[in-house]
Amino acid sequence: RSEQRRRSWHRTGAAVRDSFDLAWQYLRHHRLTTVVLVTSITLILYLPATLQVIVINADRHFRSRAESTPLIVGPKGSPLELVLGSVYFDKPAANVMRYDETERIDELGVAIPLNTRFIARDCQVVGTTRAYLRARNLRTTSGSTWDMLGECVVGTRVAERLDVRVGDKIPVASSTAFILDNPPLRLRVAGVLAANETPDDEAIFVSLATTWIIEGLGHGHAPSAEHGSPEAKLYTDITEDNVESFHFHGSQGEFPITAIFVKPSSEKAETILFGKYFSADETVQIVRPHEVMNGLLERVIMIRSYMIAIIAVVSLATLLLMALVIVLSIRLRRAEIVTMTKMGCSRFAIASILGSQVAIILAASVTVAALLTLATNAFGPELVRYFIF
């Protein structure tokens with residue numbers, strides 16, 4: 001009896017192998033139909049999966065950056081715009097506040113001013129202090145941080161995109177009035193930062209005083225020349241020979257900044273800081289970046305759910321259409337099925353051949369979709385940075 005069972009399993013296995021072989025030969029012969037079916041099913045499986053992967057990576061990327069930024073102080077307005085502009089450097093800031101706003105934070109924490117009003121060859125210029133580089137744990141792979149006016153430190157992606165290295169010059173766009181009077185200031189690259197997979201890789205860092213020079217609040221010219229005289233032509237390159245001639249007009253406390261990166265010294269200090277900016281007449285606001293981004297990401301997740309629902313409906317419609325195509329295909333193959341019957345094929349054998357064709361198509365689709373999803377997951381952070389920053 002065991003021998004009969006073994007022979008029965010052997011015949012069944014041989015029949016299945018023969019069915020898959022005939023099914024494979026049929027699909028090879030009808031390549032276009034096979035490719036269309038495999039591509040359609042692959043997309044149905046891949047689109048929801050890749051949407052999920054990208055959203056998860058974006059969520060992780062945004063939350064990590066926001067959670068590493070304790071507090072942001074900036075001009076009153078949209079908290080989201082303030083966070084995106086000062087934490088993610090998405091675009092030049094439009095609103096400003098006075099530099100002496102940093103004095104309100106004294107003894108309550110570390111206040112790091114930011115000025116993000118300018119761009120250089122489509123890259124964000126960030127005016128700040130060396131304390132920002134320490135707070136973000138930014139290190140140079142070549143060169144060093146700025147030592148004088150007009151020097152900058154570039155993120156690794158800026159260096160790659162602009163093809164610059166230590167010693168090269170980058171012209172920076174400035175205010176309209178400054179451009180009309182003089183060519184743009186050229187920043188000298190003093191160092192290149194190591195990659196840290198954040199928006200800092202996409203930024204050009206300079207001192208606050210350099211951004212004020214860019215804006216026209218300070219300038220340099222021949223020391224002996226009087227303002228307005230032909231000899232008082234402004235320098236557009238700051239060098240060791242002329243840096244001493246650069247000076248500012250007005251009180252530095254009134255000069256503009258766009259935000260303040262704040263690291264409170266304690267929870268009590270953080271509470272006191274929020275109390276300072278509680279007044280309805282206040283022109284400055286204080287926000288917790290992680291709370292602002294949580295609100296944004298909750299909306300993104302909600303939109304993702306709607307998109308997945310829409311994709312599911314479209315996928316169901318597509319699957320029903322493909323099922324109809326397969327049924328019609330079988331009906332069109334009636335003559336072929338009749339021929340197989342006359343050749344002695346049983347109904348089971350015919351059903352096995354047709355089922356094997358569907359199984360091969362589904363297996364190929366699932367395999368391709370899985371490989372694409374794994375590739376998307378592997379390059380997920382890179383895709384997020386490429387499409388968002």
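All values below were derived from every heavy atom in this structure, side-chain atoms included, with hydrogens, water molecules and symmetry-related copies excluded.
Considering only heavy atoms from C-beta on, Glu270 comes within 4.5 Å of Arg288 through its side chain. Side-chain contact between Lys276 and Leu108 is present, with at least one heavy-atom pair separated by less than 4.5 Å. Side-chain contact check for Met97 versus Ile260: some heavy-atom pair is nearer than 4.5 Å.
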Applying side-chain contact (heavy atoms from CB on, under 4.5 Å) to Ile170 and Val172, what does each step give before you reach the verdict?
CA-CA 6 Å; Ile170 305 175; Val172 55; 5.9 Å; no
- Task: Take Gln25 and Arg28 through the test side-chain contact (heavy atoms from CB on, under 4.5 Å) and record every step on the way to the result.
- Result: CA-CA 5 Å; Gln25 296 303 326; Arg28 286 186 58 191; 4.0 Å; yes
_Determine whether Asp200 and Phe205 satisfy the following criterion, side-chain contact (heavy atoms from CB on, under 4.5 Å), listing intermediate values before the conclusion._
CA-CA 9 Å; Asp200 295 323; Phe205 296 95; 3.6 Å; yes
Tell me, with the steps shown, if Leu193 and Thr156 meet side-chain contact (heavy atoms from CB on, under 4.5 Å).
-> CA-CA 6 Å; Leu193 296 172; Thr156 181; 5.9 Å; no
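Here the closest non-hydrogen pair linking Arg117 and Pro256 is NH1-CG, 4.0 Å. Of all heavy-atom pairs between Cys152 and Ile204, the closest is CB-CG2, 3.7 Å. Across all non-hydrogen atoms, the minimal contact from Leu273 to Pro264 is CD1-CB, 4.3 Å. Between Ala93 and Thr258, the closest heavy-atom pair is CB-CG2, 3.5 Å. In terms of heavy atoms, Leu114 sits closest to Ser86 at CD1-O, 3.7 Å. Ala259 and Ile72 get closest at one heavy-atom pair: CB-CG2, 4.3 Å.
Remark: side-chain polar atoms of Glu151 are not paired, donor with acceptor, to backbone N or O of Val189 under 3.5 angstrom. The main-chain N or O of Val73 is never found under 3.5 Å from a side-chain atom of Gln285 such that the two would form a donor-acceptor pair. For the pair Arg130 (side chain) and Trp146 (backbone), a donor-acceptor distance under 3.5 Å is present.
Under the 4.5 Å side-chain heavy-atom criterion for ILVMFWY residues, a single connected hydrophobic cluster contains both Phe261 and Val110. Note: the hydrophobic cluster containing Val166 does not contain Val164 (ILVMFWY, side chain heavy atoms under 4.5 Å, direct or indirect links).
Using a cutoff of 4.0 Å between basic side-chain nitrogens and carboxylate oxygens, Arg165 and Asp163 are scored as salt-bridged. Note on Arg161 versus Asp201: no salt bridge recorded, every NZ/NE/NH1/NH2 to OD/OE distance being 4.0 Å or above. A salt bridge is absent between Arg98 and Glu101: the closest approach of a Lys/Arg side-chain nitrogen to an acidic carboxylate oxygen does not fall below 4.0 angstrom.
Between Phe255 and Phe248, the ring planes lie tilted relative to each other; the angle falls in the 30° to 60° range. Note: Phe89 and Tyr132 have tilted aromatic rings, judged against thresholds of 30 and 60 degrees for the angle between ring planes.
With a 6.0 Å radius and a threshold of 12 heavy atoms from other residues, nucleotides or ligands, Asp122 has its CG atom at or below the threshold. More than 12 heavy atoms of other residues, nucleotides or ligands shown are found within 6.0 angstrom of NZ on Lys76. Glu267 CD: 12 or fewer foreign heavy atoms inside a 6.0 Å radius. Within 6.0 Å of atom NZ in Lys263, 12 or fewer heavy atoms from other residues, nucleotides or ligands are found, so the atom counts as exposed in its surroundings.
Under the 3.5 Å distance criterion, with hydrogens and angles disregarded, a donor-acceptor pair is assigned to the side chains of Ser68 and Arg136.
When each of Thr211, Thr128, Thr210 is paired with Asn115, the side-chain hydrogen bond (donor to acceptor under 3.5 Å, both in side chains) condition holds for Thr211 and for no other.
With sequence neighbours excluded, no residue forms a salt bridge (charged side-chain N to carboxylate O under 4.0 Å, His left out) with Glu160.
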